[in-house]
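Below is one structure, written out as structure tokens; comments come after it.
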Amino acid sequence: MKISCVILTMGNRIAELDRAVESALGQADGDVEVVIVGNGADVPELRAEPPPGSSIKNVRLPRNTGIPAGRNRGVEESSGDVVLFLDDDGWYANQKVAAHVRERFATEPDLAVISFRVMDPEGGNGQRRHVPRLRAGDPERSSPVTTFLGGACAIRRSAFLQVGGLPERFFYAHEETDLAWRLLGEGYRIEYDAETVMYHPQVPPTRHADFYRLNARNRVWLARRNLPWPLAALYLLDWVVLTLVRERSGMALRAWFKGFSEGLREPAGERRPMAWRTAWRMLRLGRPPIV
């Protein structure tokens with residue numbers, strides 16, 4: 001079972017990208033294909049050299065197409081049975097990640113995604129959002145989940161292609177959840193696996209200028225694309241209430257509701273509402289598709 005690792009870059013974090021590539025190529029059992037996608041940028045020259053059995057492939061996109069489109073191109077260019085997605089400022093904590101991933105996917109045919117445990121390299125407590133479940137207090141506990149982290153995961157390539165990959169219109173935010181819900185609808189499993197560890201600096205998602213707008217717009221698109229209408233209404237009402245309760249910044253709230261309005265007005269892409277049995281399965285997994 002061959003492993004590919006797709007890394008997106010804007011070409012502006014050369015030392016970090018070098019570290020990420022070296023951590024992928026340095027896996028103990030080797031045979032890792034690294035695909036570096038320059039998202040509207042040239043792929044910089046790196047120190048990392050592939051050992052025997054491994055390879056590096058560079059892909060340059062003419063413009064920044066967003067995270068989901070960039071990762072889709074990386075999967076198209078890869079040849080692995082399993083694809084790792086790695087942020088260019090992240091790196092694997094040890095050399096056993098590929099072997100562990102290969103073993104799990106080889107022996108569990110209904111497993112579509114493994115979401116990795118993300119640790120702070122400075123020894124901090126980590127961020128709650130890095131554990132993709134409601135009960136996130138113990139990041140060392142593995143469990144079935146209903147979504148995953150896009151920059152810290154492994155995906156069965158055939159399953160990824162079966163459901164159409166990541167939704168490219170999203171550009172950034174919630175594209176993983178859209179993919180996850182469609183995979184669950186096809187009967188696949190998604191697991192948070194605390195044994196597979198990636199290091200990543202602690203940075204807030206709000207550093208992105210359009211975070212609030214895209215976050216809200218894509219939540220609406222997520223519901224419109226994937227949920228039966230009664231659940232879509234509950235999901236969106238839930239998130240309006242949660243946002244009003246949590247967010248104290250008037251500027252952030254204005255951006256969020258601007259995005260929410262865009263999500264209602266603009267085309268969301270193909271609608272494929274999940275079956276009620278999938279919603280019931282998500283409820284039994286601890287995260288119904290209304291939150």
Would you give the length of the straight line joining atom [atom1] of [X] to atom [atom2] of [Y], rounded to the nearest 0.5 angstrom?
X      : Y      : atom1 : atom2 : answer
Ile7   : Ile56  : CD1   : CD1   : 8.5 Å
Thr243 : Phe260 : OG1   : CZ    : 9.0 Å
Asp120 : His130 : CG    : NE2   : 9.5 Å
Gln27  : Ile3   : CD    : CD1   : 9.5 Å
Leu25  : Ser55  : CG    : OG    : 8.5 Å
Leu111 : Tyr188 : CG    : OH    : 10.5 Å

[X] (side chain) donor-acceptor with [Y] (main chain) under 3.5 angstrom:
X      : Y      : answer
Arg156 : Phe105 : yes
Ser4   : Gly80  : yes
Ser115 : Leu149 : yes
Glu175 : Leu166 : no
Tyr92  : Glu22  : no
Arg217 : Leu264 : no
Ser54  : Pro50  : no

Is [Y] close to [X] at the side-chain level, that is, under 4.5 Å between some pair of heavy atoms?
X      : Y      : value
Pro267 : Arg169 : yes
Ile36  : Thr9   : yes
Tyr212 : Ser249 : no
Phe148 : Leu179 : yes
Cys5   : Phe85  : no
Arg219 : His174 : yes
Val113 : Phe160 : no
Val145 : Leu285 : no

[X]/[Y] ion pair, N-O < 4.0 Å:
X      : Y      : answer
Asp88  : Arg13  : yes
Arg73  : Glu168 : yes
Asp87  : Arg71  : yes
Arg104 : Asp193 : yes
Arg189 : Glu108 : yes
Glu262 : Arg213 : yes

When you group the ILVMFWY residues by side-chain heavy-atom contacts below 4.5 Å and let the links chain together, are [Y] and [X] in the same group?
X      : Y      : value
Leu134 : Leu231 : yes
Tyr235 : Val291 : yes
Phe211 : Leu242 : yes
Leu86  : Val6   : no
Val101 : Val197 : no

Considering non-hydrogen atoms only, spot the tightest contact between [X] and [Y] and give its length.
X      : Y      : result
Ile67  : Tyr172 : CD1-CD1, 3.5 Å
Leu183 : Ala112 : CD1-CB, 4.1 Å
Val32  : Ala98  : CG2-CB, 4.3 Å
Ala20  : Ser23  : O-OG, 2.8 Å
Pro228 : Met274 : CG-O, 3.5 Å
Arg117 : Tyr192 : CG-OH, 3.3 Å

Is there a donor-acceptor contact under 3.5 Å linking the side chains of [X] and [Y]?
X      : Y      : value
Arg133 : Ser143 : yes
Asn226 : Arg272 : no
Thr65  : Asn39  : yes
Ser78  : Glu33  : no

Is atom [atom1] of [X] surrounded by more than 12 heavy atoms (other residues, nucleotides or ligands) closer than 6.0 Å?
X      : atom1 : result
Glu45  : CD    : no
Tyr199 : OH    : no
Arg271 : CZ    : yes
Arg47  : CZ    : no
Trp280 : CH2   : no

A cation-pi test, strictly: NZ or CZ of Arg265 under 6.0 Å from the centre of the six-membered ring of Trp221 and no more than 45 degrees from its axis. Yes or no?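 That pair does not qualify as a cation-pi contact.
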Salt bridge (charged side-chain N to carboxylate O under 4.0 Å, His left out) between Arg225 and Glu270, intermediate numbers included: CA-CA 6 Å; Arg225 285 165 54 87; Glu270 180 188 14; over 6 Å; no
Should Leu84 and Phe116 be marked as a side chain to side chain contact (heavy atoms under 4.5 Å, CB included) after you check the CA-CA gap, both sets of side-chain angles, and the distance that decides it? CA-CA 10 Å; Leu84 311 177; Phe116 296 174; 4.1 Å; yes
Using side chain to side chain contact (heavy atoms under 4.5 Å, CB included), reason through Asp81 and Arg157 one step at a time and then give a plain yes or no. CA-CA 5 Å; Asp81 303 292; Arg157 188 173 186 269; 5.9 Å; no
Please identify each residue that fulfils salt bridge (Lys or Arg N to Asp or Glu O under 4.0 Å) with Arg60, with sequence neighbours left out.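 Asp42.
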Start with the C-alpha distance between Glu122 and Gln202, add both sets of side-chain angles, then the distance that settles side chain to side chain contact (heavy atoms under 4.5 Å, CB included), and finish with yes or no. CA-CA 9 Å; Glu122 302 298 325; Gln202 290 213 39; over 6 Å; no
Tell me which pairs pass salt bridge (charged side-chain N to carboxylate O under 4.0 Å, His left out) where either residue lies in residues 234-259, with sequence neighbours left out.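 Of all non-adjacent pairs touching residues 234-259, none passes salt bridge (charged side-chain N to carboxylate O under 4.0 Å, His left out).
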Assess whether side chain to side chain contact (heavy atoms under 4.5 Å, CB included) is satisfied between Arg182 and Gln162, documenting all intermediate values. CA-CA 10 Å; Arg182 296 195 173 195; Gln162 179 183 340; over 6 Å; no
